[in-house]
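All remarks here apply to the structure that follows.
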Amino acid sequence: MIEVKNLTKKYAANTAVSDISFTIEEGKVYGLLGPNGAGKSTTMNIITGALAASDGVVTVDGLDILDDAKEAKKHIGYLPEIPPLYPDMTPYEYLSFIAKAKGIKNGEIQDEIARVMEETQITDVSDRIIKNLSKGYKQRVGIAQAMLGNPSYIILDEPTVGLDPLQIIEIRKLIRSLATDRTVILSSHILAEVQEVCDEIIIISHGKIAACGTEDELREKMTGPNVLTVTTKAECDPGAQVFDGISGITEISEADEKDGEKTYTVYYEKNSDIRENVYNAFVKNNAVLLALTSKVPTLEDLFLELTKDEEEIPSETASPVMEEIVNAITDREEISEEEMSAEENLNEETDGEEDK
Amino acid sequence: MSAVIRKELKQYFSTMYGYVFVGMLLLITGIITTITNLINGYSGFEYSLYTVSYIFLLIVPILTMSSLSEEKKSRTDQLLYSLPLSTKDIILGKFFAMAGVLALPTLIMCVYPLILSVFGNVNFLTAYCAIFGFYIMGCALLAFGIFVSGMTGSPVIAAVISFFSLLLMFLLGDLSTMIPQDAFTSLCCFALLCALIALLLYYVTKNETVSVALFVVLLAVDVLIYAFKSELLENTFPKMLSALCVYDRYESFAAGIFDLTAIVYYLSFICVFLFLAAQSFEKRRWN
């Protein structure tokens with residue numbers, strides 16, 4: 001079990017991670033989800049001991065990652081965002097260095113390397129120089145490195161970034177196969193990836209945990225109401241009063257008429273279903289019901305909702321830069337205006353000369 | 001640590017760095033030995049080795065430039081931080097690998113006095129003491145190179161800084177004789193040094209208060225010593241400079257003396273710079 005308690009990481013000017021606490025149980029795939037710059041990599045670097053926290057404690061199976069570093073790190077395999085490869089080595093040489101560094105016994109190194117190469121399907125390229133390998137293979141070598149020594153926890157930082165769609169599918173498959181007897185923690189800024197691969201999702205935003213739990217638990221936590229769009233024929237529109245008496249409706253908004261159809265957007269409470277009542281109400285009022293579409297908020301909506309401030313913050317921090325850009329544009333406009341007027345003057349002068 | 005040593009050695013000899021280092025050192029030694037001992041007929045191999053030692057200026061940066069800076073540049077340092085290796089293992093592993101690369105040409109050099117003995121009388125004891133001194137001095141310069149490499153993320157910058165620092169160390173002996181020996185000059189030079197130390201501290205910590213405070217304290221000590229015990233400052237700065245001159249220590253070996261103080265000096269030099277390199281490597285984990 002990895003326990004992360006009150007983790008904080010401050011850099012000179014900003015706080016990358018602020019008071020994060022969570023627990024990683026064994027045998028599951030965890031996904032750290034968040035937009036770029038949310039603090040995912042910082043958190044992972046701290047968990048693996050690659051970075052020291054300003055405050056807080058990380059324990060891996062009860063061992064402190066800083067105080068019992070050597071022992072604790074043996075339980076962890078880590079693939080940072082940029083695969084840490086030595087380009088002039090072959091995958092075999094590289095893996096034998098890692099195996100020795102991880103303290104694997106000399107007699108077992110060969111078998112261990114053969115095993116991870118088999119699992120990550122890089123046996124074919126084991127004698128090629130790493131710098132000549134494709135990005136997908138480099139990523140596999142990185143994952144193979146993390147798997148050496150059979151650690152209980154494999155931590156992968158954005159393992160599919162920069163890969164082509166086919167490679168992404170293969171790497172995801174590989175991650176799934178890794179998770180059969182180990183705990184995998186991966187980070188991503190792509191919701192679909194986390195949804196597909198992970199059992200538990202931890203959403204990080206602005207260096208804080210915005211939400212965590214399984215996909216279903218997260219859905220439960222969603223705050224927004226359900227939405228129903230009701231389309232009726234404009235010529236026999238019953239009016240918004242048709243919805244009177246249906247319980248659970250929180251808000252009704254009228255849409256514009258289009259092609260002889262009128263659409264109402266009806267917001268109603270979570271965990272309720274008003275479709276049947278709406279249908280009955282229309283029948284009762286002899287109104288024509290053309291379409292009835294219910295939209296349950298997706299995890300995407302939740303993700304956007306939880307991380308939506310993200311856009312405001314960069315724009316705030318970037319405001320001096322924006323100001324500069326705006327100034328530069330206005331300056332440029334002024335210049336071009338000046339140029340224009342200069343040109344006009346010139347034209348006038350030449351016109352004058354022509355007149356003469 | 002053995003994993004790091006093996007990896008480093010493999011890297012040196014799978015790229016050209018190791019070959020260039022060994023090749024250049026052997027080539028220059030060969031040329032100088034031929035001129036000094038065979039053509040000019042000097043019997044002592046230590047004279048040749050004294051001249052050869054200047055080649056360290058060029059070849060030490062070749063070997064050390066990428067040791068830590070390349071790890072930083074290619075982000076493999078993250079791997080080293082997350083592996084069950086201590087900073088001590090990493091820095092010492094890198095140093096021993098380099099010392100191993102240097103040992104290769106040094107061992108080959110051990111054959112030279114034997115070859116020379118065919119042509120005349122060679123004092124083996126002084127020759128082998130000189131080779132030992134040569135090796136230890138080389139190791140000291142390598143330790144310094146690792147420290148410089150750890151300060152930057154660019155191997156080229158590391159090489160340039162190493163080269164100029166080694167050149168400065170080489171010139172320090174002559175420079176120290178040119179500085180006036182009076183107390184006031186030492187006061188001024190120490191004040192300048194205090195400012196440099198404070199600037200370096202600011203560069204490393206980016207903390208203005210601490211840097212300025214350190215500068216003020218050091219300067220105050222400097223001025224107080226000058227005011228109350230100015231004789232302490234007489235000739236102190238030139239002496240300090242010549243103490244830092246790594247090459248001067250080797251002169252006694254060239255003269256055929258096995259200088260134990262020089263050995264202790266070089267070993268301390270190695271320890272200090274490896275310690276500093278380890279500190280700067282560890283510091284990055286915290287930033």
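Just so it is clear: chains get the letters A, B, ... in the order the sequence lines come, proteins before strands, and each one is counted from 1. Computation of the quantities below employed the complete heavy-atom set of this structure, encompassing side-chain atoms and omitting hydrogens, waters and symmetry-equivalent molecules.
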Examine whether an atom of [X] lies under 4.5 Å from a heavy atom of chain B, and if so say whether it belongs to the side chain, the backbone or both; otherwise answer neither.
X: Ile65(A); value: neither
X: Ala72(A); value: neither
X: Leu66(A); value: side chain
X: Ala69(A); value: neither
X: Lys9(A); value: side chain

Assess whether atom [atom1] of [X] is packed by more than 12 heavy atoms of other residues, nucleotides or ligands within 6.0 Å.
X: Phe13(B); atom1: CZ; value: yes
X: Lys88(B); atom1: NZ; value: no
X: Lys73(B); atom1: NZ; value: no
X: Tyr203(B); atom1: OH; value: no
X: Tyr54(B); atom1: OH; value: yes
X: Gln110(A); atom1: CD; value: no
X: Arg75(B); atom1: CZ; value: no

Quick one: [atom1] on [X] to [atom2] on [Y], what's the gap to the nearest 0.5 Å?
X: Leu80(B); Y: Ile98(A); atom1: CG; atom2: CD1; answer: 8.0 Å
X: Gln145(A); Y: Ser82(B); atom1: CD; atom2: OG; answer: 6.5 Å
X: Met16(B); Y: Asp88(A); atom1: CE; atom2: CG; answer: 11.0 Å
X: Gln11(B); Y: Phe97(A); atom1: CD; atom2: CZ; answer: 8.0 Å
X: Tyr86(A); Y: Thr15(B); atom1: OH; atom2: OG1; answer: 13.0 Å
X: Lys102(A); Y: Leu85(B); atom1: NZ; atom2: CG; answer: 10.5 Å

Measure distances from [X] to the heavy atoms of chain A and classify the residue's part below 4.5 Å as side chain, backbone, both or neither.
X: Glu71(B); value: side chain
X: Asp89(B); value: side chain
X: Lys7(B); value: both
X: Arg6(B); value: side chain
X: Gln78(B); value: both

Open item on the list: Closer than 3.5 angstrom, by distance alone: can the side chain of Lys73(A) be matched with the main-chain N or O of Tyr81(B) as a donor-acceptor pair?
Closed with: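 Yes, because the side chain of Lys73(A) sits within donor-acceptor range (under 3.5 Å) of the backbone of Tyr81(B).
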Task: Top contributor to chain B contacts, counting heavy-atom pairs under 4.5 Å, from Ser54(A), Pro87(A), Ala50(A) - done: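 That would be Ala50(A).
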Open item on the list: Looking at chain B, which one of Pro80(A), Gly142(A), Gly77(A), Pro84(A) has the largest number of heavy-atom pairs inside 4.5 Å, strictly under?
Closed with: Pro84(A)
TODO: Heavy atoms only: give me the nearest Ser86(B)-Lys70(A) pair and the separation to one decimal.
DONE: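 Where Ser86(B) meets Lys70(A) most closely, the heavy atoms are N-CE, 4.0 Å.
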